Amino acid sequence: ERYNSADVSYQPPFANSVATTVESKLSQIISVKDFGAVGDGVADDPVAIQAAVDAAQNVEFIGGESYLLTSEITVPSTCKSLRFNGAVLLVDHAGPDYAGNTAAFRANHAVEYADGVFEAQNKDYTEYYGWTSAAGWVKSTSPLVGQTETHTLTAREYLFGLTGAQGSYFHGNKFDGFYDATAISRVGGAPQKSDPLTRFIGNEAVNCGAGTAGVQVGFKFNYISNLVVDGNRSYFGAEHTWSSCQNVMISNNVFFNPTTPTIDVGGSPAAGYKSKHITITGNISSGRDAIVCELGVEHITITGNVCEITSVAPSGTGIGVATQFAGGQGIEFVNITGNTIRKYNDDYSQPYAYGILVATQSGSDAILSNVLVADNIIPPNSIEGIRIQGNATIAGFKINVTGNSLNDSYRPLLGINITRAKFTDNDLRAYVYQGSGSAAFVMEDCGETTCAYNIWHGSDLSTYGHINVFRLSGAVGGLKF
């Protein structure tokens, strides 16, 4: 005797539960197997998977299976969750050009993607990475010769991993060889305080963010408010970007992207948006520039990170907060505290550019104010240890640089176009690695500035001769020592 599941009742075995039918219970979560997906890595499964996401709110994949995708899966707004359970997605399609890129799964709404392994197939782009003590990490499209350490990146151009919108939850996914691994972009313009929480937790990207056209990134976030990015990992490829986001926590990630900035937070001058209320904490970030906030930022806290510089001068910055555009894209309320900056392999034989840079640079008419740089450790051989720079239009003000340790810098502390600043209780070691003109403090066009209770050491004066404690230039007045 046969029974129709719609006619058979089901009572959940819990107190106060509500009876339903077997058909209703079985349809709550749908497997791609219900629609004919094979999952052997050979059969082409996008038709079956598309049918599953079109039919259900929650779609399950079978762990241990491999699904070949030769076309993009469009996730409709009715589908809220795709749980891959460790299944491997072999993605083997490509857009015709940068503008026509395709993704493994594309959603323009809040969606959950969980525990998928995404592998780009038939990779058509190769980059060669190499490290030497003299040059740091470099990359080329041709094989490198004479490198101490090497890595070969292969990726599929114009192929994305996953996309979603505000309110999405990406967790436990792994990506290998994509043009961009992920993109979460707000639908509907500027970020809003009322936007739902977006979570990006425990994902991993290897060899992602590489190609010849456009701007490649690993993890990308555009106009997202109320965002948590925690416990993720990346290894080689391009930077991770946060464009005009607000109310963001970037924490406990381990990123190694040695020839680009790694954590890159920025505003949008053309649109008039800033990135604001951003906390960057507890990360291990390795890159040409480990942490960068640029193009208009406010209420930024950068604390307790390990920032590893992988390049040499004229490049290489541990933490950079800067803007060089007119139109009010300034820097306000910045807290940089308790970070440790170091060089890759602890190799300090070659100089790097900056330990910490906070600047509204030439071309900017924007404000620089309310900046605290405290209790950071700056490693040896920086050209400039900590540089604080306003611009000729608006002098930077309310600057406090205190309790930092700066070792063997050509110019440990610089103040340029600032007023009402305090440089106090820092431990400085200055030396000359090229030419002359080293000084513990360099003040250019500064006023009403206090330099007090700092400890200064000259390094190897028998070799380098006299090294100035202060070097003043331009309109300098009202200094207190």
Side-chain angles (χ1 to χ4, degrees), residues 312-322 324 336 341 348 350-362 364 368 371-374 376-481:
V312 302
S315 298
T317 299
I319 298 171
V321 182
Q324 58 186 10
I336 302 173
I341 297 168
Y348 301 101
Q350 298 297 317
Y352 62 98
Y354 304 105
I356 295 173
L357 169 69
V358 182
T360 52
Q361 296 170 306
S362 59
S364 170
L368 170 66
V371 175
L372 172 65
V373 180
N376 301 284
I377 298 174
I378 312 296
N381 218 355
S382 61
I383 296 176
E384 297 174 354
I386 296 176
R387 180 187 184 112
I388 310 293
Q389 179 179 342
N391 61 72
T393 304
I394 305 174
F397 66 98
K398 294 186 179 179
I399 311 296
N400 188 357
V401 180
T402 184
N404 301 282
S405 176
L406 298 99
N407 298 306
D408 285 333
S409 292
Y410 180 48
R411 294 182 289 266
L413 282 176
L414 284 86
I416 302 174
N417 290 323
I418 58 174
T419 186
R420 283 183 282 167
K422 294 181 179 180
F423 295 86
T424 60
D425 299 292
N426 300 285
D427 190 299
L428 314 173
R429 183 175 294 274
Y431 83 124
V432 177
Y433 75 87
Q434 59 181 17
S436 61
S438 174
F441 296 88
V442 178
M443 300 291 163
E444 301 177 5
D445 296 310
C446 296
E448 300 180 57
T449 294
T450 299
C451 298
Y453 307 110
N454 301 284
I455 300 174
W456 173 78
H457 315 268
S459 178
D460 195 6
L461 298 185
S462 63
T463 300
Y464 297 118
H466 178 68
I467 301 176
N468 294 323
V469 178
F470 288 95
R471 183 158 60 83
L472 310 177
S473 64
V476 178
L479 295 185
K480 298 178 182 179
F481 305 106

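Along the sequence shown, residues carry numbers from 1. All values derive from a computational prediction rather than experimental measurement.
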* Asked: When you look at V358 and I319, which way does the side-chain contact (heavy atoms from CB on, under 4.5 Å) test go after all the steps?
  -> CA-CA 8 Å; V358 182; I319 298 171; over 6 Å; no
* Asked: For the residue pair V312 and Q350, what are the closest heavy atoms and their distance?
  -> CG1-CB, 3.7 Å
* So which heavy atom on A440 is nearest to which on W456, and how close? -> CB-CD1, 2.8 Å
* Does A395 have any side-chain contact (heavy atoms from CB on, under 4.5 Å) partners at least two apart in sequence or in another chain, and if so, which? -> T419
* **Short side-chain to backbone donor-acceptor contact, Y352 and P379, under 3.5 Å** => yes
* Asked: To the nearest 0.5 Å, what is the distance between CG (N407) and CG (D427)?
  -> 7.5 Å
* Asked: To the nearest 0.5 Å, what is the distance between CD (E384) and CZ (R411)?
  -> 4.5 Å
* To do: For residues F441 and N454, determine if any side-chain heavy atom of one lies less than 4.5 Å from a side-chain heavy atom of the other.
  => yes
* **For Y453, ring pair (Phe, Tyr, Trp, His ring centres under 6.0 Å) partners two or more places apart** => none
* Asked: Residues two or more places apart in sequence or in another chain: which of them pass side-chain hydrogen bond (donor to acceptor under 3.5 Å, both in side chains) with D425?
  -> none
* Structure fact -> Heavy-atom closest pair (I383 atom, A313 atom, distance to 0.1 Å) is CD1-CB, 3.6 Å
* Structure fact -> On a heavy-atom basis, the closest approach of S382 and G355 is CB-N, 4.4 Å
* CG on L414 to CZ on R471, rounded to 0.5 Å -> 7.5 Å
* Test item: T402 and K422 side chains (from C-beta on) under 4.5 Å apart, heavy atoms -> no
* V401: partners by side-chain contact (heavy atoms from CB on, under 4.5 Å), with sequence neighbours left out -> V373, I386, I388, I399, N404, L413, F423, N426
* Structure fact -> Taking every heavy atom of A353 against every heavy atom of P314, the minimum-distance pair comes out as CB-O, 3.5 Å
* Asked: Roughly how far, to the nearest 0.5 Å, is the CD1 atom of I341 from the CD1 atom of I378?
  -> 3.5 Å
* Asked: Where is the tightest heavy-atom contact between G390 and I418, given as atom of each residue plus distance?
  -> N-CG2, 3.9 Å
For residues 442-451, which side-chain N or O atoms pair as donor and acceptor with protein atoms under 3.5 Å away, sequence neighbours left out?
{"unit_1": "D445", "atom_1": "OD1", "unit_2": "A475", "atom_2": "N", "d": "2.7"}
{"unit_1": "T449", "atom_1": "OG1", "unit_2": "G447", "atom_2": "O", "d": "3.1"}

* Can you tell me how far CG of L406 sits from CD1 of I455, rounded to the nearest 0.5 angstrom? -> 12.5 Å
* Could you walk me through whether I356 and V321 pass side-chain contact (heavy atoms from CB on, under 4.5 Å), step by step? => CA-CA 8 Å; I356 295 173; V321 182; over 6 Å; no
* To do: Please name all residues satisfying ring pair (Phe, Tyr, Trp, His ring centres under 6.0 Å) with Y354, sequence neighbours left out, ordered by chain then number.
  => none
